[in-house]
Amino acid sequence: MRQPRLSSVVERRLLVNYRVAPEVAARLLPGPLRPQLVHGHAVAGICLLRLGSVRPVWAPRAFGLRSENAAHRFAVEWDGPDGVETGVYISRRDTASRLNAWAGGRLFPGEHGRADFEVDETPDRLRVALAARDGGTRVDVTVELSDELRGSELFADLAEASRFFRNGAKGFSATGSGRRLDGMELRPDAWPVEACRVRSAASSFFDDPDRFPPGSAAVDCALVLRDAPASWWPIPAMAVEPQPA
């Protein structure tokens, strides 16, 4: 079945970004993907996304839906037909929406688990927490808006960080079959990204010492995009390379 293009408003897209040891990130990626490095670090993070007015591009905005969503992701590269391409690998997606959980992987790319979200949001401060219903993921982050990006070892300034994440528009998501990665491309109408200062960040994914040995992953920076119209375009799935015997 042909999957539809979707229209939406990105009401809030909070990216909490981690510096990760490249060899650790590489172990967590399926082939043919490999870590995209920035100053010798792999880049990973949590995307905490509230979407509004989500509907097929042909549907009136009044029929759009609203949902809280989360994705654990890695910046990646791979060899395409015209050279090296870049994007993100999403190892896990969670949503508060029962419809998203049912439709993801069926009507549009990206399988989702169900999670309960807790959000406390003001113009200058954001707290987003979630607990997956299968017990697989817990997240609790608090950030404050900042006039500039400070303390990042990945990016010199907000403009550099903004370019990096805008260029990673193609996302490939893990699927239950393990044989393919679902593909989706984000096409925002505008990109009004703001810098954040991370006040606290807890993640059962990144804090797991079996997955990330001590010292191999550290919070680097956070960015937020708010109130940006955007469309989501299905792209061809990517086959997963079999692991060496």
Under the criterion side-chain contact (heavy atoms from CB on, under 4.5 Å), I'd like the reasoning laid out for L49 against V10: C-alpha separation, chi angles, the key distance, then a yes or no. CA-CA 7 Å; L49 177 68; V10 177; 3.8 Å; yes
Run the side-chain contact (heavy atoms from CB on, under 4.5 Å) check on L223 and E194 step by step: do they pass? CA-CA 6 Å; L223 307 173; E194 300 174 272; over 6 Å; no
V9 and V54: side-chain contact (heavy atoms from CB on, under 4.5 Å), yes or no, with the steps? CA-CA 7 Å; V9 175; V54 181; over 6 Å; no
I would like to know whether F206 and H72 meet side-chain contact (heavy atoms from CB on, under 4.5 Å); could you show each step before the answer? CA-CA 9 Å; F206 289 105; H72 285 73; 4.0 Å; yes
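Here the OG atom belonging to S203 is positioned 11.5 Å from the CZ atom belonging to R138, to the nearest 0.5 angstrom. To the nearest 0.5 Å, the span separating CG on L48 from CG on L14 amounts to 5.0 Å. Rounding to the nearest 0.5 Å places OG1 of T142 at 8.0 Å from CG of D120.
R19 and E153 are joined by a salt bridge, as a carboxylate oxygen and a charged side-chain nitrogen come within less than 4.0 angstrom of each other. Salt-bridge formation is detected for the pair D140/R127: a Lys NZ or Arg NE/NH1/NH2 atom is positioned less than 4.0 Å from an Asp or Glu carboxylate oxygen. Salt bridge annotation for D116-R133: present, with a cationic side-chain nitrogen under 4.0 angstrom from a carboxylate oxygen.
A search for side chain to side chain donor-acceptor pair (under 3.5 Å) contacts involving R199 returns E144, not counting sequence neighbours. With sequence neighbours excluded, the residues forming a side chain to side chain contact (heavy atoms under 4.5 Å, CB included) with E121 are R12, R50, V119, L126, R226, listed by chain and number. Residues satisfying the side chain to side chain contact (heavy atoms under 4.5 Å, CB included) test with D157, not counting sequence neighbours, are A159, E160. Considering only residues two or more places apart in sequence or on other chains, F155 meets the ring pair (Phe, Tyr, Trp, His ring centres under 6.0 Å) condition with F164, F165. Applying the side chain to side chain contact (heavy atoms under 4.5 Å, CB included) rule to P192 yields the partners A190, L225, A228; only residues at least two apart in sequence or on another chain are considered. Considering only residues two or more places apart in sequence or on other chains, N167 meets the side chain to side chain donor-acceptor pair (under 3.5 Å) condition with none of them. A search for ring pair (Phe, Tyr, Trp, His ring centres under 6.0 Å) contacts involving F74 returns nothing, not counting sequence neighbours. Remark: D134 engages R92 in a side chain to side chain donor-acceptor pair (under 3.5 Å) (not counting sequence neighbours). Taking R179 as the reference, S177 meet the side chain to side chain contact (heavy atoms under 4.5 Å, CB included) condition, with sequence neighbours excluded. Applying the side chain to side chain donor-acceptor pair (under 3.5 Å) rule to S8 yields the partners W232; only residues at least two apart in sequence or on another chain are considered.
You'll find the side chain of L29 reaches within 4.5 Å of the side chain of V76, heavy atoms only. With a 4.5 Å cut-off on side-chain heavy atoms, L154 and H41 count as touching.
Residues R187 and S231 bring no donor and acceptor atom of their side chains to less than 3.5 Å of each other. No side-chain donor from either of D182 and S173 sits under 3.5 Å from a side-chain acceptor of the other. With 3.5 Å as the limit, one finds a donor-acceptor pair spanning the side chains of N69 and S67. Side-chain atoms of R150 and S146 include a donor-acceptor pair closer than 3.5 Å.
Contacts classified as salt bridge (Lys or Arg N to Asp or Glu O under 4.0 Å) and involving residues 39-49 (residues at least two apart or in different chains) are not found.
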Side-chain donor-acceptor pairs of residues 78-89 under 3.5 Å, sequence neighbours excluded:
unit_1, atom_1, unit_2, atom_2, d
D79, OD1, R34, NH2, 2.9
D79, OD2, R34, NH1, 3.4
E85, OE1, K170, NZ, 3.2

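Annotation: F205 is in aromatic contact with F212 [ring centroid separation under 6.0 Å].
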